Amino acid sequence: MASVRSHESIELLTYSEVIEVSGYVGNFKVKIRKKPRYVDEIKCTGCGTCQEKCPMKADSEFDFGIGKRKVIYTPFPQAVPNIPVIDRERCTYFIKGKCRACEKFCEAKAIDFEQTEKIIDLDVGCIIVTTGFDSFDPTPISQFGYGRYDNVITGFQFERMSSASGPTGGKIVLKDGSEPRSLAILHCIGSRDLNYHEYCSRVCCMSSLKFAHLIREKIPDAEIYDLYIDLRCFGKGYEEFYNRLQEEGVNFIRGRAGEVTDIAETPEEIGRLVVLCEDTLIGRQRRLPVDMVILSNALEPRADAGEVAKLFSISRSKDGFFMEKHPKLDPVATTTDGVFVAGCCQGPKDIPDTVAQASAAAARVMAMISKGSVEIEAATAIIEEEFCSGCKTCIALCPYNAISFNEERKVSAINEALCKGCGTCAAACPSGAIISRHFTTEQIMAQLEGVLT
Amino acid sequence: MAEKKVATKKDTEPKIGVYVCHCGSNIAGTVDVPQVVEFAKGLPAVAIAREYKFMCSDPGQSMIKDDIKQLGLNRVVVASCSPLLHEPTFRHAIQEAGLNPYLFEMANIREHCSWTTEDHGEATEKAKALVSAAVKRIYLHQPLEVREVPVNPNTLIVGGGIAGIQAALEIADAGHKVYLVEKDPSIGGHMIQFDKTFPTLDCSACILTPKMTSAGSHPNIELMTYSEVEEIAGFIGSFKAKIRKKAKFVDESKCNGCGVCIEKCPWKADSEFDLGLSQRKAIYTPFPQAVPNIPVIDKESCAYFLKGKCRACEKFCEREAIDFEQQDKIVEIDVGNIIITTGYDPFDPTPIIKYGYGKFPNVVTGLEFERICNSVGPTGGKIVLKDGSEPKSIAIIHCVGSRDENYHKYCSRVCCMYALKYSHLIKEKTKADVYQMYIDMRCFGKGYEEFYQRLSDEGVTFIRGKPAEVTDRAISEEEKGKLIVVGEDSLLGTVIRVPVDMVILCIALEARADAKNVAQLFSISQGADAFFIERHPKLDPVATMTDGVFIAGCCQGPKDIPDTVAQASAAAARVLALISKGKVELEATVAVIDEEKCSGCRICNLLCPYNAIDFIEEEEVSRINDALCKGCGTCVAACPSAAITHKHFTTEEIMAEIEGVLV
Ligand SMILES: Cc1cc2nc3c(=O)[nH]c(=O)nc-3n(C[C@H](O)[C@H](O)[C@H](O)COP(=O)(O)OP(=O)(O)OC[C@H]3O[C@@H](n4cnc5c(N)ncnc54)[C@H](O)[C@@H]3O)c2cc1C
Ligand SMILES: Cc1cc2nc3c(=O)[nH]c(=O)nc-3n(C[C@H](O)[C@H](O)[C@H](O)COP(=O)(O)OP(=O)(O)OC[C@H]3O[C@@H](n4cnc5c(N)ncnc54)[C@H](O)[C@@H]3O)c2cc1C
Ligand code: SF4
Ligand code: SF4
Ligand code: SF4
Ligand code: SF4
């Protein structure tokens, strides 16, 4: 992360979003909205005094709500860049017009309540989309009691809890601060489930094993149950890790949990959470009394994946992730030339696979840069303006957004650099004004005649 | 503090600046920074000591630069975080102010001190000790020169499977020359042997042959098939490779691939490509779409080579391309980078006697089944038993040789999915009942779980449990003449016997039999599972410990085609970045051997993990190639004659540092 910031060839635009993309491979124009931080990036030294002095607190998004942060904050101590932002929604000054504590204490005079958003225009040749995933919210699966029971947490919350710089300083604790004596880890929450996501999230088996291992390390005598359907430990060294955990004494139970409840049936269960499940290996229903339940929840497409897809003219597969051009032959390209995808925005995957894909996307871009020019499809469509009625039918239909309307002349015009020659517009034009070069009506008729001889 | 005056002569006396960082409250919250600064001021040769909130910030760096210029500092110590994070930042800063970047030392008072020490007093004392150590040590630092070597833009790729082809095309498309070396007569690797590929069920040859053809005809790719790398010398940026082009006995410049010779050749041998399920001629191309489409004569089965008579091919070849006198040729090439894509070997299940492979003709491996299913394969794509009849039931056994303490502990990652693919192909082509016996269904890729669901709906019977045995001993009428798969259905908890006509073993992917030689040749290492090891599984998954040598595809570990392609492109990206930079910086902190002291024992030669030490026969001493040395220090510690010095970690420097800590 630090080298990204200090690299001469990287300009980091954080707290920013792409709002508009136009152009085509080799010549994209991108509009970026830089949201106001209310902190001058040039003046701020990242000293952190403002955060210390700010009197207001909010739930930390970074800690998934299990920790707090200030209203002026960096999400975590090693943030890059190490420049705080003011959370406008919660800042007393913005809400009530009073406070400005941060401003008073900032030696660098970097606080700037007047900052407004900035729009930046960039010219780029290629685009790589790496917007990652969202973590599935298990609240709708009400039988697991997430949100209802304090000690039912998600995998991500456990990650933060287990982290030395997290809200509990790395201690695995229940809400009341005590140490759990028994824990259950439930796989495939929201994955492999026809009601939520049919796909497998690919990483949660391994992260579940990691959790089991961390628990064993920090609470050596804890009873750990791991409830799985299939243990998908397919990567390099993964099966070996699974074997090691079996030796570390984790109770693996093959079966999907049915319910998490606090209704006790035996004295042992009183005051605890009970995981109901079928152990498919012994063919019996079991009740597992535990103190904490960790839900290994699915990785899902970002909530805004639809908008991002539209912005960059890329498609999504049925599961909602961005679609690659060809799963085997072109796994990082998209159907829009010059736009590539990498990492979890294309589908769930672990870090090694993400890194490999990211480098692959970089390779494609470098090849284009070092070649310096791209060849553009020659078999494109053209509009004969004298026949065009200006009905705009074609504009809405073009899958590559290649057609625009010339307001002055009241006709449509095709951008040849964007046109892929798919022929959709030619077939749709009610005035027959569009010619698909290389597939003219004459050529097609001649071919048909030929077939019929 | 022992006043041992330094032996090394210096033109200028050291003038050291010490800068202690607060790191916001990260350090200053625990360590009493002003006290450390006062302490540092009292250390010998320290000209100035200062503190600042964030040394790494621009004002922090300017403070150091100004002091170098105004006070004439010639050595700088920064007490802050780990050198892993900001050593490059500060080295760069002092260089900008005109100092040699190696006249810098970092004392880690964050990770090693403030973050790990609760007591404020203790933390301050420890910070002082660390600063004192750094000051003592930097006193002895010498300027070191970073050398740059140019990067030859040509790339050698070893192995012409999908991984090698992908990487070659990626680099060639960017306009750079690639030598693609393949040991077999054609490129294509395992993928060209398949019928369909999961989960999309595209025809494997249909999606691969276009890539093979473009690799074959690409102006920037020089294909060297039927060839092997024999020797590698040099280092990143300038490797020299010796490649043996095995004699094909066919002149590549004359042959037009008409195939008459193959037609006329009267001799046959088992086809390697069809895994012995069919025969090929003595002069052959492994498969019809071979790239290049030039036959080779297999000396072992050619009548002329065996008995001195025949030459039928020669007679019929209109182009006069047959050349029985052809010899192996050694070609030398210069390249800047190397990508290894040598793939995997399929596991041979013969040793697992209980599954009866080799004993029962209708027990086949996955790869054999690929050929059986393939419309240009030995059976023309018909799924048939050895006697030609169609099977009525088929069992597919997972994890054969994988997830098995006796063979390979690892999971082979693709066999669950190819097993599902077979179920589908069987359902499509026959009416057979299909049983899949698995431990866990590992369907983790994009669209894989969905494919599994679809197969469940197609009526495949999934049985959870690893079979114990395949036998032909029937115990009931129904089992007569069948193969019986005996095992435990772990879901029912009962022993089951499934009578079937055919058994497909989902064999493991294992490291190539010659992986060890390849590893040695290219100075890369193998893991416990014998696959090549990447530099870092998460952060550097395609690099190796040898700079300029990259790995991709199944030679690094089992993986499917999408993951192989991604890795291959990733390796290409790394190479392209090096090419476009045009030069690499070599480590300056290397080891040197004092040849006077070297006894010629060669202990260091074997220990160096980077093969950087050569033995000079004439002079009977060892010598370090400083382009290869990474400065790990292994040899320094091992040399019994203490002949080896590490340039940035001399014995004096280390002793001074220890003395410093003990203040
Ligand atoms: C609980 C859990 C534990 C895991 N543990 C491991 C593990 O131990 N080992 C392992 O290998 N893998 C693990 N993984 C998987 C790992 O998280 C992913 O492989 C990895 O994070 C994927 O990286 P990415 O860059 O594709 O996506 P992300 O990490 O999601 O990064 C995407 C980035 O894009 C930004 N972004 C999103 N939309 C936009 C937009 N429109 N404009 C600008 N920026 C945007 C986001 O803010 C984010 O910074 C785990 C996953 C989970 C859920
Ligand atoms: C039965 C079976 C079915 C499969 N089905 C599928 C599927 O449907 N879908 C899917 O995605 N994956 C499938 N796979 C996985 C797929 O085979 C691999 O992902 C892919 O072949 C890996 O490609 P590679 O280039 O790394 O290795 P390989 O295909 O093994 O290619 C390596 C090449 O290097 C050459 N070589 C080796 N050593 C040397 C040397 N020393 N010098 C020069 N050349 C050398 C070899 O001759 C070969 O041409 C299957 C695997 C098996 C075993
Ligand atoms: S990786 Fe494992 S836990 Fe995650 S969805 Fe797949 S099978 Fe379930
Ligand atoms: S007959 Fe001659 S030209 Fe034809 S394939 Fe054989 S060697 Fe080549
Ligand atoms: S991929 Fe499936 S069949 Fe292959 S070794 Fe792994 S678990 Fe076994
Ligand atoms: S320091 Fe390490 S890399 Fe350098 S020669 Fe010695 S053993 Fe080899």
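Bear in mind the structure is a predicted one, so any value in this text is a computation, not a measurement. Side chains are part of it too, since the values below use all heavy atoms of this structure and drop only hydrogens, waters and symmetry mates.
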Checklist entry - Does any heavy atom of chain B fall under 4.5 Å from the side chain of A:Arg254, the backbone, both, or neither of them? => result side chain
Checklist entry - Just one of A:Arg192, A:His197, A:Arg202 clears the side chain to side chain donor-acceptor pair (under 3.5 Å) bar with B:Glu449, so which one? => result A:Arg192
Checklist entry - Going from CG on A:Leu329 to CG on B:Asp202, what distance comes out if it is rounded to the nearest 0.5 angstrom? => result 7.5 Å
Next on the checklist: If I compare all heavy atoms of B:Pro562 with all of A:Pro327, which pair ends up nearest, and what's the gap?
Outcome noted: CB-O, 3.4 Å
Checklist entry - So what's closer than 4.5 Å to chain A heavy atoms on B:Asp529: side chain, backbone, both or neither? => result side chain
Checklist entry - Side chain, backbone, both or neither: which part of B:Phe198 has an atom under 4.5 Å from a heavy atom of chain A? => result backbone
Checklist entry - Looking only at heavy atoms, which of residues 337-349 of chain A get nearer than 4.5 Å to chain B? => result A:Gln346
Item to check | Under 4.5 Å from any heavy atom of chain B - which part of A:Asp330 | outcome: neither
Next on the checklist: Once rounded to the nearest 0.5 Å, what's the spacing between atom CG of B:Asp563 and atom NZ of A:Lys328?
Outcome noted: 11.0 Å
Checklist entry - Heavy-atom count around A:Ile42 CD1 within 6.0 Å, excluding the residue itself: above 12? => result no
Checklist outcome for this item: Okay, A:Glu240 and chain B: the region with an atom under 4.5 Å from a heavy atom over there is side chain
Next on the checklist: Minimum heavy-atom separation for A:Thr45 and B:Phe54, please, with both atom names.
Outcome noted: O-CD1, 3.2 Å
Next on the checklist: Taking NZ in B:Lys466 as the centre, count heavy atoms belonging to other residues, nucleotides or ligands within less than 6.0 Å. Is the count above 12?
Outcome noted: yes
Checklist entry - Do the side chains of B:Arg464 and A:Leu281 get nearer than 4.5 Å, heavy atoms only? => result yes
Next on the checklist: Minimum heavy-atom separation for A:Ala363 and B:Leu576, please, with both atom names.
Outcome noted: O-CD1, 3.8 Å
Checklist outcome for this item: Heavy-atom nearest pair, A:Ser370 first then B:Ala174, reads OG-O, 2.9 Å
Item to check | Residue part contacting chain A, namely of B:Ala577, when any heavy atom lies under 4.5 Å | outcome: both
Item to check | Sidechain-backbone polar pair: B:Asp440 side chain, A:Leu231 backbone, donor-acceptor under 3.5 Å | outcome: yes
Checklist outcome for this item: When the 4.5 angstrom heavy-atom criterion is applied to B:Thr197 and chain A, the contacting part is both
Checklist entry - Is the closest basic N to carboxylate O distance between A:Glu324 and B:Lys446 below 4.0 Å? => result yes
Next on the checklist: As an exercise: rank B:Leu491, B:Thr200, B:Val565 by heavy-atom pairs under 4.5 Å with chain A and give me the winner.
Outcome noted: B:Leu491
Next on the checklist: If you count heavy-atom pairs within less than 4.5 Å of chain A, which of B:Glu450, B:Gln166, B:Glu405, B:Lys409 leads?
Outcome noted: B:Glu450
Next on the checklist: Applying side chain to side chain contact (heavy atoms under 4.5 Å, CB included) to B:Glu170 and A:Met366, what does each step give before you reach the verdict?
Outcome noted: CA-CA 9 Å; B:Glu170 207 86 73; A:Met366 275 194 278; over 6 Å; no
Checklist entry - CZ/A:Phe234 to SG/B:Cys443 distance, rounded to the nearest 0.5 angstrom? => result 11.0 Å
Checklist entry - chain A: which of B:Ala568, B:Ser57, B:Pro541, B:Ser490 shares the most heavy-atom pairs with it under 4.5 Å? => result B:Ser490
Checklist entry - SG/A:Cys205 to CZ/B:Arg442 distance, rounded to the nearest 0.5 angstrom? => result 7.5 Å
Checklist entry - What part of A:Ser317 gets closer than 4.5 Å to chain B, counting heavy atoms only: side chain, backbone, both or neither? => result side chain
Next on the checklist: Tell me whether the count of non-hydrogen atoms from other residues, nucleotides or ligands lying under 6.0 Å of NE2 in B:His536 goes above 12.
Outcome noted: yes
Checklist entry - Where on B:Tyr448 is there a heavy atom nearer than 4.5 Å to chain A: the side chain, the backbone, both, or neither? => result neither
Checklist entry - chain A: which of B:Met191, B:His176, B:Glu534, B:His92 shares the most heavy-atom pairs with it under 4.5 Å? => result B:Glu534
Checklist outcome for this item: When the 4.5 angstrom heavy-atom criterion is applied to B:Lys538 and chain A, the contacting part is both
Item to check | Atom pair OH/CG of B:Tyr410 and A:Asn243 - distance to nearest 0.5 Å | outcome: 14.0 Å
Next on the checklist: If you count every heavy atom of other residues, nucleotides or ligands that lies below 6.0 Å from A:Gln246 atom CD, does the total exceed 12?
Outcome noted: yes
Checklist entry - Using non-hydrogen atoms only, which part of B:Pro537 is less than 4.5 Å away from chain A: side chain, backbone, both, or neither? => result backbone
Checklist entry - What's the spacing between A:Cys233 SG and B:Phe444 CZ if we round to 0.5 Å? => result 11.0 Å
Item to check | Those residues that, when tested against B:His22, pass ring pair (Phe, Tyr, Trp, His ring centres under 6.0 Å) (two or more places apart) | outcome: none
